[in-house]
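Structure first, then comments.
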Amino acid sequence: MTITQTNNTQSPISNHQSLFLSACKRDPVDTTPVWFMRQAGRYMPEYRAIREKYSLIEICHHPEIAAEVTLQPVRALGVDAAILFADILLPAIPLGVGLEFAKGEGPILQNPVRTLADVKNLRPVNPETDLSYVMDAIKILRGELKDNVPLIGFCGAPFTVASYMIEGGSSREFLKTKTMMYSDPQTWHALMEKLTVVLTDYLVAQIRAGAQAVQVFDSWVGALSPQDYQNFVLPYSQKIIQAAKAEQVPVIHFGTNTTTLLPLMKEAGSDVIGLDWRIPLDDGWKILGGDVAVQGNLDPALLFAPLPEIKKYTHDILRRANGKPGHIFNLGHGILQNTPVDTVKAVVDMVHEYRQ
Ligand code: CP3
């Protein structure tokens, strides 16, 4: 198969400090680092060209194509970090739940998990072998990326992954998920325990393959009250985060609608916490306290607004960060389909050019 060759004109081995890794550690930087969740994807013509030939899962299964797609936004936008091209649902495949992406419908998991017997039927997963294609993509990327653009690995958090496995796909109300939590806690905890082991092993394998930071995506956890988060989710997310931190890389913990969950997410112990646009950055940071870095938090819908409006909002976020060490600029959630690429690039430049 032929794919576009990478044109890395500069040496991959240089001594440039990474703004992104420095900010994760809350070291002072002169320029705020920026990257975007879902920075690779359908809004980019280069990605759509590859998607004409390969399905999403095929891209993930071919490390050299996954690496190429990972590099597309790095080249086009000048972001300060690369995020591995993969999906939080890939571990569902070796678990035996099945995974398919139906056109326009999002993910479909063919064998949803609803009973204790279903949990017991989940297959053991060895990420080094069962998800070796992810580790291979990471190894290719570490050879291609310059030192000042670190590679972020990721996994879904147990709650968000469990919600897809229980619902069988995307959901608004998470009714089946919550019904299991409230009506059959034994099955819920058994599923969370199993997922925690698999996701921990998967994240650690990514770090050992070369990921220089990792993000744990708990995208939908804001559907829970603080009390339920504490009882049904926190201990599991905490375990994954602690295991990744023990590998000596920065850990980012992300969710949306988490305003009331922030103090508990802090207890989970990551180095960086993602904030969405529903809370002003400084208010979120105040709740979290000064001993953690923050990532965010422009509304992805703003990328459809005129540039002067975007600039107002972008500068507002940077003003709220107030030059305090430990801010990584990002959106509050992933880039939306049809976002104009030029606008995304303009935001990168706005962030890089901003001075307090
Ligand atoms: O950020 C990146 O550039 C890396 C790639 C990435 C993908 N998925 C590729 C992808 C990452 C980090 C993810 C994470 C992911 N996947 C999350 C957590 C982040 C978030 O957005 O909340 C979730 C919930 C998923 C599950 C998932 N995968 C859904 C719900 C969908 C369908 C959404 C849609 O737009 O149809 C996917 C598909 C998916 N994963 C795409 C991409 C680029 C869609 C593009 C395609 O079909 O080619």
Side-chain angles (χ1 to χ4, degrees), residues 34-62 65-77 79 81-93 97 99-109 134 137-138 141 149 151-172 174 177 199 202-203 206 211 213-223 252-258 274-277 295-296 299-300 330-339 341 344:
V34 50
W35 69 280
F36 302 101
M37 291 180 274
R38 289 281 182 92
Q39 64 191 17
R42 281 174 294 198
Y43 77 104
M44 294 197 94
E46 305 91 301
Y47 176 81
R48 288 198 302 273
I50 289 185
R51 274 288 272 117
E52 274 176 25
K53 294 186 217 136
Y54 307 98
S55 71
L56 177 64
I57 294 177
E58 281 169 342
I59 296 175
C60 297
H61 278 166
H62 291 92
I65 307 178
E68 164 61 21
V69 169
T70 302
L71 293 170
Q72 287 175 343
V74 176
R75 290 191 210 111
L77 306 173
V79 284
I83 180 157
L84 170 72
F85 192 83
D87 194 90
I88 62 162
L89 298 177
L90 291 178
I93 304 171
V97 184
L99 176 65
E100 123 193 13
F101 287 91
K103 226 180 158 74
E105 283 181 57
I108 296 173
L109 296 100
V134 173
I138 292 173
L141 281 160
V149 182
L151 179 63
I152 304 170
F154 69 91
C155 70
F159 172 82
T160 291
V161 175
S163 78
Y164 283 99
M165 288 176 44
I166 297 165
E167 306 285 339
S170 302
S171 168
R172 267 167 177 263
F174 301 98
T177 306
L199 296 169
Y202 179 45
L203 206 54
Q206 291 181 44
V214 290
Q215 177 154 326
V216 178
F217 283 93
D218 213 351
S219 305
W220 310 129
V221 78
I252 308 165
H253 188 188
F254 167 78
T256 65
N257 253 313
T258 55
L275 298 171
D276 78 8
W277 61 92
Q295 176 173 280
D299 185 340
N330 204 311
L331 303 177
H333 203 170
I335 293 187
L336 299 165
Q337 232 188 111
N338 305 321
T339 298
V341 178
V344 185

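Residue numbers run from 1 in the order of the sequence given. Counting convention: from 1, in listed order, for ligands and their atoms alike.
The shortest N/O to N/O separation between S219 and ligand 1 falls below 3.5 Å.
Proximity of the aromatic rings of F85 and Y47 is defined here by a centroid distance below 6.0 angstrom, and this criterion is met.
Contacts with ligand 1 closer than 4.0 Å are made by backbone heavy atoms (N, CA, C, O) of L84 only, the side chain lying farther away. The part of F101 lying near ligand 1 is the side chain, judged by heavy-atom distances below 4.0 Å.
Closest protein heavy atom to atom 16 (N) of ligand 1: D87 OD1, 3.0 Å. Among all protein heavy atoms, the one lying closest to atom 30 (C) of ligand 1 is Y164 OH, 3.3 Å. Of the protein's non-hydrogen atoms, the one nearest atom 20 (C) of ligand 1 is H333 NE2, 3.1 Å.
Contact analysis puts A40 in contact with ligand 1, with a non-hydrogen atom separation below 4.0 angstrom. Residue contact annotation: P73 has no non-hydrogen atom under 4.0 Å from ligand 1.
Within ligand 1, counting atoms from 1 as listed, the ones closer than 4.0 Å to a heavy atom of I88 are 14 (C), 15 (C), 16 (N), 17 (C), 23 (C), 24 (C), 25 (C). Close approach to Y47 involves these atoms of ligand 1, each under 4.0 Å from a residue heavy atom: 43 (C), 45 (C), 46 (C), 48 (O).
A salt bridge links R75 to E68: one of the charged nitrogens lies within less than 4.0 Å of a carboxylate oxygen.
A search for ring pair (Phe, Tyr, Trp, His ring centres under 6.0 Å) contacts involving F217 returns F154, F254, not counting sequence neighbours. Legend: residues meeting side-chain hydrogen bond (donor to acceptor under 3.5 Å, both in side chains) with Y164, ordered by chain and number and at least two apart, are W220.
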